[in-house]
Amino acid sequence: MNIYDEHEVFKNRLVEEVLGSESSDKVPMEKVVMLLWQFRDDPSVITFMARFISKFAGSRHVFDGIEFYLPQLAHMIIHLEVDWDDAVLERLTLVIAQQSLHFALQLNWILQGALEDYQPELPPDFEGEGPAAIGGVPNPNYDPVVYNRCLNLLRNVERCVVYGKPRAATLQRLYEQGKITQKELIILEQADRRFNALQITEDEPDTGDYSSEPKLDGWTSVQMPTPLPIKGKQPEKLDTLWVQRYCTLDRHVLNCYKAAGDCCQGKLTLDRAMSLERAVISHDTTGSLQDQSMTLLVVTRSYQFRLRFPKPEEAKLWLRRMKEEADTSSLFHNALTRSGRANAASDEKLKGDEMEGSVNDFPKRIDEATLKGDLTQAQLERYEFFQNERLFVQALTGLAEELRECDRSDRKILAPQKVTALQIPPAVYLPLCNSTHTWRRVASPLPKHTRVFNTKERCPVIMHFLTKRGELHRNTGVRRSNTIRTEPNCDVAEYMHSYFDVTHDTEESIIESEKEANGEDEQQHKSVDEKPEMSYRTQESGSNPKLSIWDEEDQDAPTPGISFKAKKGDFASQAPQSTKKGNRLVQLLLRDNVVTLPPKLAKRMKDQDQRRKSVSVMDLQTHLQDTVPILDEAARISEADCVSVGEKSIAVERSSILIRDKIVLADLENYDIDAEAMQRAKQFVCSGVSFAEKSAQMLESTKKEMGTEDDEMIQLEIASCMSKSNDDLRQEVFVMQMIHYYKSVFAKAGLPLWLKTYRILSVSSRTGLLEVLVDATSLDGLKKAEGYPKEGGLRKYFEMVYGDPKSKSFITAQTNFMQSLAGYAIVSYLLGLKDRHNGNIMIDTKGRLIHIDFGFALGMAPGHEFSFERAPFKFTKEYVEVLGGVGSDCYKEFERLFVAGIEVARKNSQIALGLVEIMMYKSNYPCFSGSRYGDGKALTNFQKRLMIDVPDSQVKARALKLIRRSRQHFGTYLYDVFQHATNGYAM
């Protein structure tokens, strides 16, 4: 079978696994993403699958999958160049954004990073010299199509958030009044979301097309841009001479050309391409009245410049058109245009105080008072939440950047002061979570616990915050006098649903409505006095509604569909579509929507049905694997992890909680390691105090300083994050996603391989937030700790801390070490993780290894072809000694787990390869770029490491050979020596 035939077989089976009649009733999001990628050239398939996803996005497991694979979905939206309407996938994301503000925020930050990648010019580098220091250096990656696409999608996401579903309140009111059934409400709301997304994407201004107006280009005087001062940074003094340039407007960019010989004739060459995204444009007020009428001042995020025109009429025209270009990225552009107020707003002059402050205050300079005029109270609150959350995260990452610019000796002193000065908006949270994770509102910072990592290039900062859950808040829905108490265990999406009146439809609601359609519910209409379960707006003040927006039913159970009795002549009745095609979810979609199964999909499903009748043993060996549910420990809280308060059961996770004047310690289970051994481990790893104990101390201190909450239903706890700047974290986000995927694969196979996954959020091309790893320290820090054995290494440390090698505590810690070593050995080999010095490998109090910092992945290594790290993975002499030496029972178990993990990874290779292939497409990630790693090299090498072409009978021998090659590899030793000599990392 040739490569083309193999690919066709894969696509057929992919369709069958997602849509086929014998597939499960769950939506396998990893395979859905692969299907979108494989059929990216077929608009009918993409459109159908977009409807399919949006139909069932109200189910918790589907939404978790959507958020997990958001990097791939966003990457396709940004980079795909197709011959069909590329707004199909954009509309899908807008539909999902209407369901979850958290999803909208995550997408916003991905788009922001892409926008910076493809902007016309590189931002000023105050540490550089020459042109780089003042800005204006052309961006070699500038792509006007992608840049404009990101701008438009950013605007549309904002509009979806603010305007929500315009008819949601009306539909809910009709349902409460008994004028429509629950089934009708659900279907109308789904249609409302789709219609809103369609209207937003089709109602975009036709930027760059002014055929009805005079052509806007020509020679003018330009006072070239000067960088704006930023906190801690001052640009160098520049000449402010006026020069003649030929200027044009094109897709939010002002292009300035100069002629050969710097005169106004001859061949033109591009001098500057200046983005007008969110620029503030006004008449210059520094000269005479005549000069003011002919001179424009343009202030962007990074610099300002002036334009001088020969006539006031020209200046006025350029002012209006440049404002239109800048306003196309504004949240309210289209709404204001429809109301006829856009031009009036754009002609207002900026006040003097709007031009003051640092560049970090830039978003506040826009005249939002005028822009907000058309918003309802609920829309305004959604806007303020969305804006405040972005500004809050920007402040956190900006703090790390400000400290980076300070003298290294002053950073630890200044950090708590800057944390104290943070302004905490009324409803913000740390977005290092999923929509299905517990909501925690950030109440105040805890500055005295701030920690700074003092490095030359960066200044990462760990910050701690006091958070609250279970609070009363005012509902922004129809009955505005109501208040609602947030369930203490409610998740982020549930909180936003109740607070911002975002209506969700769920499969649970669909099932209920179908019972109604089938006559199982005799009551066809709800009375006005009855309180429908799915409504959160009908709760009395102070009541405690159950925010069950997610379907908790067994998704493997049959899910019957909703059937409409179409009348003769109706469009739906004319669809030549058998409702028996595909699984029950497909049938449900076909019955509820005016949509048909695309011919390509229908044919592949039919062909697969015929093949199934004569399936052979060889076919069974090449079937796609079962769906791999993504593990989410933060969303899995057992009854043992809860504490009872009154009639409520409150989840207690890694932070202790304060309820009134009572502190409840977080989980201190040591898992067969005795208390004395754990106390010794804590002395080395976390200064003698676990995070559960430390968070309890923080809460106790807070109780003394601020008092306690009178309301016993309000829980206080500690949330933490690490802020980082001057570092592109997007590659690390992708690598952590792959580690998370393999962690789920191993769990699905029942293998006790241990991997620590933690949250990484990239909010721009240079900044981000990371989850703080608690009760762990780097091997470098451990080896430098007071009391660490001078001889004997890690083995001696384990014996010193956990006791006799035959003791239960030692065997438990040794097993923990072995299982984590095996897990990271597999992913280090498969994902080509390098730069594995002792500063990038941590160990926790239970003896488990944790790898961090994935700047070098998929074969990319420090020193490139001259790298010392040539072993498949890091397996030092110390590691072997902790296992008990070659041939010990622990060592043999390590070999068994490694081999089993490689075999399971091979069986799930299709999805893993697809994830890498998607992110590699037109990627700027270092591991996919340049002559060394570009042109598909990373994917080819990844495929080789998966041993796809190796016969099954030889896989075990190959895997054991990898262990032998890695064990005490001389290159690994040399790299540790090099890092010790250059950066001081302990060996």
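Predicted model only: the values in this text are computed from it and were never measured.
Using the six-membered ring where Trp is involved, W439 and F385 have ring planes that are tilted, between 30° and 60° apart. Relative ring orientation between Y933 and H864 is described as tilted, the plane-to-plane angle lying within the 30° to 60° band.
In the model, N156 has a side-chain atom that pairs as donor or acceptor with a side-chain atom of E90 under 3.5 Å. Side-chain contact of Q72 with Q737: a donor-acceptor pair under 3.5 Å is present, judged by distance alone. Side chains of T436 and D64: a donor on one and an acceptor on the other come within 3.5 Å.
With values rounded to the nearest 0.5 angstrom, Q731 atom CD is found 8.0 Å from Y925 atom OH. Considering CG of L755 and NE2 of H740, their distance stands at 10.0 Å, rounded to 0.5 Å. Interatomic distance, Y303 OH to F305 CZ, rounded to the nearest 0.5 Å: 6.5 Å. Between the NE2 atom of H102 and the OG atom of S435 there is a distance of 4.5 Å, given to the nearest 0.5 Å. One finds the CD atom of E389 at 10.5 Å from the CG atom of N108 (value rounded to the nearest 0.5 Å). K937 contributes atom NZ, which lies 14.0 Å from atom CE of M860 (distance to the nearest 0.5 angstrom).
The pair E405-R411 does not meet the salt-bridge criterion, since no charged nitrogen lies less than 4.0 angstrom from a carboxylate oxygen. Between R404 and E401, at least one side-chain N (NZ, or NE/NH1/NH2) sits under 4.0 Å from a carboxylate O, which counts as a salt bridge.
A cation-pi geometry, defined here as NZ or CZ lying under 6.0 Å from the six-membered ring centre and within 45° of its normal, does not hold between R759 and F68.
Closest heavy-atom contact between E732 and I760: O-CD1, 3.8 Å.
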message: Checking R766 against D727 for the side chain to side chain contact (heavy atoms under 4.5 Å, CB included) test, could you report, in this order, the C-alpha distance in whole Å, the side-chain angles of both residues, the deciding distance, and whether it holds?
response: CA-CA 5 Å; R766 292 171 56 86; D727 196 4; over 6 Å; no
- request: Go through the steps for E158 and R382 under the test salt bridge (charged side-chain N to carboxylate O under 4.0 Å, His left out), then give the verdict.
  value: CA-CA 10 Å; E158 290 177 335; R382 283 197 292 269; over 6 Å; no
message: Determine whether F465 and H449 satisfy the following criterion, ring pair (Phe, Tyr, Trp, His ring centres under 6.0 Å), listing intermediate values before the conclusion.
response: CA-CA 9 Å; F465 298 90; H449 300 285; over 10 Å; no
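No side-chain heavy atom of E121 sits less than 4.5 Å from a side-chain heavy atom of S275. Considering only heavy atoms from C-beta on, K724 stays 4.5 Å or farther from T397 through its side chain.
The environment of R451 atom CZ is sparse: at most 12 non-hydrogen atoms of other residues, nucleotides or ligands sit within 6.0 angstrom. The environment of CG in N983 is crowded: more than 12 heavy-atom neighbours from other residues, nucleotides or ligands sit within 6.0 Å. Atom NZ of K922 sits in a crowded spot, with more than 12 heavy atoms from other residues, nucleotides or ligands closer than 6.0 Å.
Under the salt bridge (Lys or Arg N to Asp or Glu O under 4.0 Å) criterion, D117 pairs with R730, sequence neighbours left out.
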